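Working notes for the structure below.
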2 protein chains.
Amino acid sequence: MVTKVKKKQANLCPVSAMLELIGGKWKPVILYCLRNDTRRFGEIAARIPAISRKVLTDQLKEMENDQLVIRKQYNETPPRVEYSLSERGKSMGPLLAEMEKWGNEHILQV
Amino acid sequence: MVTKVKKKQANLCPVSAMLELIGGKWKPVILYCLRNDTRRFGEIAARIPAISRKVLTDQLKEMENDQLVIRKQYNETPPRVEYSLSERGKSMGPLLAEMEKWGNEHILQV
DNA sequence: TACTTTAGTTACCATGTGGTTACTACTCAT
DNA sequence: ATGAGTAGTAACCACATGGTAACTAAAGTA
């Protein structure tokens with residue numbers, strides 16, 4: 001078995017590099033969902049009903065690889081897994097807030 | 001003939017809505033290329049050699065639809081077309097600068 | 001014994017996005 | 001008559017992303 005490391009060929013543009021981190025369809029929503037709280041997988045799924053479990057798993061995995069979220073697994077049955085924002089994930093908060101502000105001012109108000 | 005209006009089903013999240021505007025692979029680069037200057041199609045293509053003409057056309061069209069850039073066509077031969085940032089496009093400048101800063105601090109420095 | 005619960009995985013499919021290559025229209029200069 | 005130069009189009013293809021449905025493991029509970 002080979003460990004797959006996503007090789008998004010080093011992006012030298014900081015803006016594009018940053019956008020790749022939150023580029024997935026659901027990543028901003030997930031970040032928002034975790035912004036203040038640690039949540040279990042099922043909780044996240046319940047709060048974002050439109051996302052399928054497979055895609056949620058995929059996105060969380062990518063975000064873990066990108067060190068945006070931390071995954072903590074408890075070896076119990078039934079399984080329990082908790083997700084929370086890493087420092088890097090938290091550091092994105094203000095930026096997301098700015099994007100939100102821009103969006104409100106320049107898109108939704110139309 | 002039916003005019004195609006891209007129906008990106010109204011996105012109520014301002015962050016996602018904003019990300020859709022710059023979500024294309026080359027859009028941040030194009031915005032950067034036009035940030036201070038009006039440029040002809042060929043100029044943009046020359047400054048972003050990695051992008052194909054077709055994709056450049058596509059992206060510029062989308063950005064025009066999204067009112068990020070203004071396309072000005074002169075009816076001469078050979079044709080001349082100039083692209084520049086709209087007010088909305090310019091208003092994105094500070095946000096892009098923040099993203100750049102974040103990218104530099106949290107990705108590239110590693 | 002069978003069912004429930006959680007956090008996934010597997011196999012498969014549909015679509016969107018980006019990409020390549022060749023082609024066009026029109027006029028001026030050679 | 002031919003070629004150059006500009007801003008595209010047209011036809012086609014490959015891959016990444018997102019989506020569905022069915023399945024799994026392990027222990028506790030009825």
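Within every chain, numbering begins at 1; the chains are lettered A, B, ... in the order of the sequence lines, protein sequences first and strands thereafter. Being a predicted model, the structure only gives us computed values, none of them experimental.
At a threshold of 4.0 angstrom between heavy atoms, the contacts of B:Y83 are confined to the sugar-phosphate backbone, with no base atom among them. Among the protein residues, A:E43 comes within range of no part of the nucleic acid, since none of its heavy atoms lies under 4.0 Å from any strand.
Two residues, B:L60 and A:V55, neighbour DNA chain D, and the one matched to the more 5' nucleotide by heavy-atom proximity is B:L60. Comparing A:I51 and A:T77 along DNA chain D, the residue whose closest nucleotide (by nearest heavy atom) sits nearer the 5' end is A:I51. Nearest-nucleotide positions on DNA chain C place A:D58 closer to the 5' end than the other of A:D58 and B:S52.
Listed pair A:R53 / C:dT9 fails the phosphate criterion, with no side-chain N or O lying under 4.0 Å from OP1 or OP2. At D:dG18, one or more side-chain N or O atoms of A:Q59 fall inside 4.0 Å of OP1 or OP2 (strictly under the cut-off). Here A:R71 reaches the OP1 or OP2 of C:dG8: one of its side-chain N or O atoms lies under 4.0 Å away. Side-chain N/O atoms of B:K61 include one lying less than 4.0 angstrom from OP1 or OP2 on D:dT9. Put simply, A:R40 has a side-chain N or O that comes within less than 4.0 Å of OP1 or OP2 on C:dA7.
Checked by distance alone, A:K25 brings no side-chain donor or acceptor within 3.5 Å of a matching partner on the base of D:dG18.
Remark: C1' of C:dT17 and CD1 of B:I22 are 17 Å apart, rounded to the nearest angstrom. Between the CD1 atom of B:I48 and the P atom of C:dG18 there is a distance of 13 Å, given to the nearest Å. Atom-to-atom, CD of A:E62 to P of D:dA16 comes out at 12 Å; the value is rounded to the nearest Å. The separation between A:K54 atom NZ and D:dA21 atom P is 13 Å, rounded to whole Å.
Annotation: the terminal axes of the helix from C:dT1-D:dA30 to C:dT30-D:dA1 meet at 30°, where each axis is the rotation carrying the C1' atoms of four end pairs onto the next four (5 pairs per end, rounded to 10°).
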Name every donor-acceptor pair, under 3.5 Å, that has one atom in a side chain of residues 45-54 of chain B and the other anywhere in the protein, sequence neighbours excluded.
from  : atom 1 : to    : atom 2 : distance (Å)
B:S52 : OG     : B:V55 : N      : 3.3

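In this model, a donor atom of one side chain and an acceptor atom of the other lie less than 3.5 Å apart for A:R71 and A:Y83.
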| Given the rule in the salt bridge (charged side-chain N to carboxylate O under 4.0 Å, His left out) test, do B:K90 and B:E87 qualify, once you have shown the distances and angles that lead to the verdict? | CA-CA 5 Å; B:K90 286 177 197 159; B:E87 281 313 306; 3.5 Å; yes

